[in-house]
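The structure appears right after this line, and notes come after that.
Chain A is the first sequence line, chain B the second, and so forth, proteins listed ahead of strands; every chain is numbered from 1.
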Protein chains: 2
Amino acid sequence: MKLKEFAKQLGLSPTTVSRALSGYPEVSEKTRKRVAEEAVRLGYRPNINAVRLVTGRAGAIGVVMGRNEFQFCEFMSGMAERLDSEDIDILVSPVADQDMKAELQLYSRLATSGRVDAVIIHSPKPNDERILLLHKLGIPFLVHGRSETNVPHAWLDIDNEGAIRRATSHLLDLGHRRIALINGRDGLTFTLHRDKGYREALEQRGLPFDPRLVTHGQFTDEIGFRSARSFLEQSLRPTAFVAGSMMTALGVYRAVRSVGLVVGQDISVIAHDDVFPYLTADNMVPSLSTSRSSLRAAGARLADLTLQLITGRPATEIHELWPVELILRESTGPAPDA
Amino acid sequence: MKLKEFAKQLGLSPTTVSRALSGYPEVSEKTRKRVAEEAVRLGYRPNINAVRLVTGRAGAIGVVMGRNEFQFCEFMSGMAERLDSEDIDILVSPVADQDMKAELQLYSRLATSGRVDAVIIHSPKPNDERILLLHKLGIPFLVHGRSETNVPHAWLDIDNEGAIRRATSHLLDLGHRRIALINGRDGLTFTLHRDKGYREALEQRGLPFDPRLVTHGQFTDEIGFRSARSFLEQSLRPTAFVAGSMMTALGVYRAVRSVGLVVGQDISVIAHDDVFPYLTADNMVPSLSTSRSSLRAAGARLADLTLQLITGRPATEIHELWPVELILRESTGPAPDA
DNA sequence: ACAGGAATTTAAAACGATTTGGATCGTACA
DNA sequence: TGTACGATCCAAATCGTTTTAAATTCCTGT
């Protein structure tokens, strides 16, 4: 059913009907109500593509998905939750991991194709080309994470630095002196922030920083396992691990067991938990101490902020830094006697 | 840059330019080439919303994402891989798990809003209301999984029945007689198929089916753990587990260890693996025997089939059943002596 | 040189909404 | 009574393409 036909059935002009449905003020309350009711009864819905053409809005937010990111679904779920009351879709484009050229091209296509009103950038670097590109192309965008890139941009991030500082500090409080950090991919801002938090905790006690106790890599069980194994094989092995993700922690647990040690007794573990419904720190054996921040909530909020950005709120106003909880469970305990 | 302006610069009519770019035959090769080159040079790209309005195509495929599905990202990645050469987007809508009413409403909105050209249905039931609804609404759709719903529909599925039959058979070959099955959510076709495969393997040996050895539930580590624990606490405990997913298997491993037994020795485990880059069966300790089928490949193929469906291939022609590999690793071994 | 037909090209009509700039209707006030 | 003004409503222009139907150009064979 088209607007013209629907309007005729109501005995009104298309103009009035359109206005009534879009909430413009120059239509009487009585008419608006009647239009709304009849629209439901007759099942009239504006053709979305016509609306998009004439308004110039795309009605969608673009997100670029790396190939190996298990976190992505959770984030998107959050976005979608917030968006489903609006008439805004989520458009997903995939890109091969660590292929910056392909990724830039993709963003460029996305921005110029008019398919999306805004895009979201994940895992930025301190100096991120994508941010420069999108700024230059003039499309609204939001950064999930932080960057030092020298153009104004909106961002939302969690306090990675504080999270890891506190986790490390807590392990130090428990008497651990050799603490290994299995961090994220090198060069990304959040990885750097976590490195920084780790060092700060050491510095606060006047303890030296040993680069042999830190590794970088993707958040997979395999990397968690390998890193932990190689740490445990060092002559002076660490007594505690700070792991970058739940998947990493799985690998760490395995590595610890594989050398005949016990998590929570011989080796303490704290991991960062993005809160997944299908893999919970509480259910691990022993239950896993975590720094926790809901990725789903971040997705929802980021969607919200994106809507604000689209409707004109200046990007320079949009900066949110979320605190991270530290939740202690059984995987952390006092350092064993040396 | 608009078509009109671009055409004027070329000294051609909009019609010819449009045709040249869309590959219609009634334009000379020389002109086509010139138009294509100039389009790149001047950066002309048709306004996507205008195209969509006039052609009536939405240029997007809709997928509905349940909240707790970690598999989803992997599937979507596959779809996206196939789609990124086409001018077709993926539109993601979330829905609360197990809320069929909300889900039906969502599909209905999706189908009538004109935002998508086709939708994909996941995890169907033998008698699936969504299939009936979409058929009634007349929008093209593809089912990932199978259904006995009595309307013609396209589908792609893996051979769940055969996979679990073979896994169970193999455990029987190894001498196991009490084999527990930790299956998926009750009522879904793939769950029923897996149940069936399990029973068939038993029947083939003339062994009785014991319903106390089968549980149903979501694919989470928690459910894996709880189910396995309760099995292991039975007076006559099973010596082998067939687990529905990698997450489930994580829980099973934990449960086995928590009662002081050893996977691969006291207890054999086979799980179904959808092939995730961040959690691999090979890296588990002991490495996990799996029935394996790439979810990413399924996503890519399903995207492909969806394109075919949209361009007119009859749904009744589109039926694919994929075989599942059985990969034996260290988690399976001969049954311990009774 | 010219008819006939194929190969190109084009003008103009969709597609289905929003929005601009007026029109109409009542009501209140001088 | 006439005017001004606010409250409603409407006709027509517009968004940027594709596509239909018709016009033009270019060959080819006689």
A:Ile88 and A:Ala60: which non-hydrogen atoms are nearest, and at how many Å? CG2-CA, 4.0 Å

Tell me every residue that passes side-chain hydrogen bond (donor to acceptor under 3.5 Å, both in side chains) with A:Asp304, counting only those two or more places apart in sequence or in another chain. A:Arg82, A:Arg301

Should the ring pair B:His144 and B:His122 be called parallel, tilted or perpendicular, given that the plane angle runs from 0 to 90° and is split at 30 and 60? perpendicular

Between B:Leu21 (CG) and D:dT19 (C1'), how many Å, whole number? 15 Å

Strictly below 4.0 Å, heavy-atom distances to any atom of DNA chain D: list the hits from residues 32-47 of chain B, or just say none. B:Tyr44, B:Arg45, B:Pro46, B:Asn47

Looking only at side-chain atoms of A:Val54, point me to the closest of C:dT18, D:dG16, D:dT17. C:dT18

Rounded to whole Å, please give me the gap between NZ in B:Lys2 and P in D:dT18. 15 Å

Identify the two heavy atoms, one from A:Phe75 and one from A:Ile120, that lie closest to each other, and give their separation to 0.1 Å. CZ-CG2, 4.4 Å

Enclosure of B:Glu38 CD (heavy-atom neighbours >12, cutoff 6.0 Å): yes

Would you work out how much the helix from C:dA1-D:dT30 to C:dA30-D:dT1 bends between its ends, with each end axis defined by five base pairs, to 10 degrees? 50°

Report the distance from atom CG of A:Asn49 to atom P of C:dC15, rounded to the nearest whole Å. 15 Å

Do nucleotides 4-11 of chain C as a string where each nucleotide becomes B, S or -: B if the base has a protein heavy atom under 4.0 Å, S if just the sugar-phosphate does, - if no protein is that close. ----BBBB

Minimum heavy-atom distance B:Pro152-B:Thr316, with the two atoms named: CB-CG2, 3.6 Å

Can you establish whether the number of heavy atoms outside B:Arg45 located under 6.0 Å from its atom CZ is more than 12? yes

All side-chain hydrogen bond (donor to acceptor under 3.5 Å, both in side chains) counterparts of A:Ser123, not counting sequence neighbours: none

It should be established whether A:Ser18 places a side-chain nitrogen or oxygen under 4.0 Å from OP1 or OP2 of nucleotide C:dA17. no

Establish, with yes or no, whether the OP1 or OP2 oxygen of C:dT18 is under 4.0 angstrom from a side-chain nitrogen or oxygen of A:Thr55. no

I need the CD-P distance between A:Glu5 and C:dG16, as an integer number of Å. 11 Å

Atom OH of B:Tyr24 to atom P of D:dT17: distance rounded to whole Å? 15 Å

Test of understanding: with side-chain hydrogen bond (donor to acceptor under 3.5 Å, both in side chains), list the residues that count as partners of B:Ser147, not counting sequence neighbours. B:Thr149

If the test is side chain to side chain contact (heavy atoms under 4.5 Å, CB included), which one of A:Ile158, A:Asp157, A:Leu305, A:Leu302 qualifies with A:Glu320? A:Leu305

Please state how far atom CG in A:Leu3 lies from atom C1' in C:dA14, giving the value in whole angstrom units. 16 Å

In terms of heavy-atom contacts, B:Ala303 and B:Leu83 come closest through CB-CD1, 3.6 Å

Separation of D:dG16 atom P from B:Arg52 atom CZ, nearest Å, is 16 Å

A:Leu10 CG to D:dC10 P, straight-line distance once rounded to whole Å: 10 Å

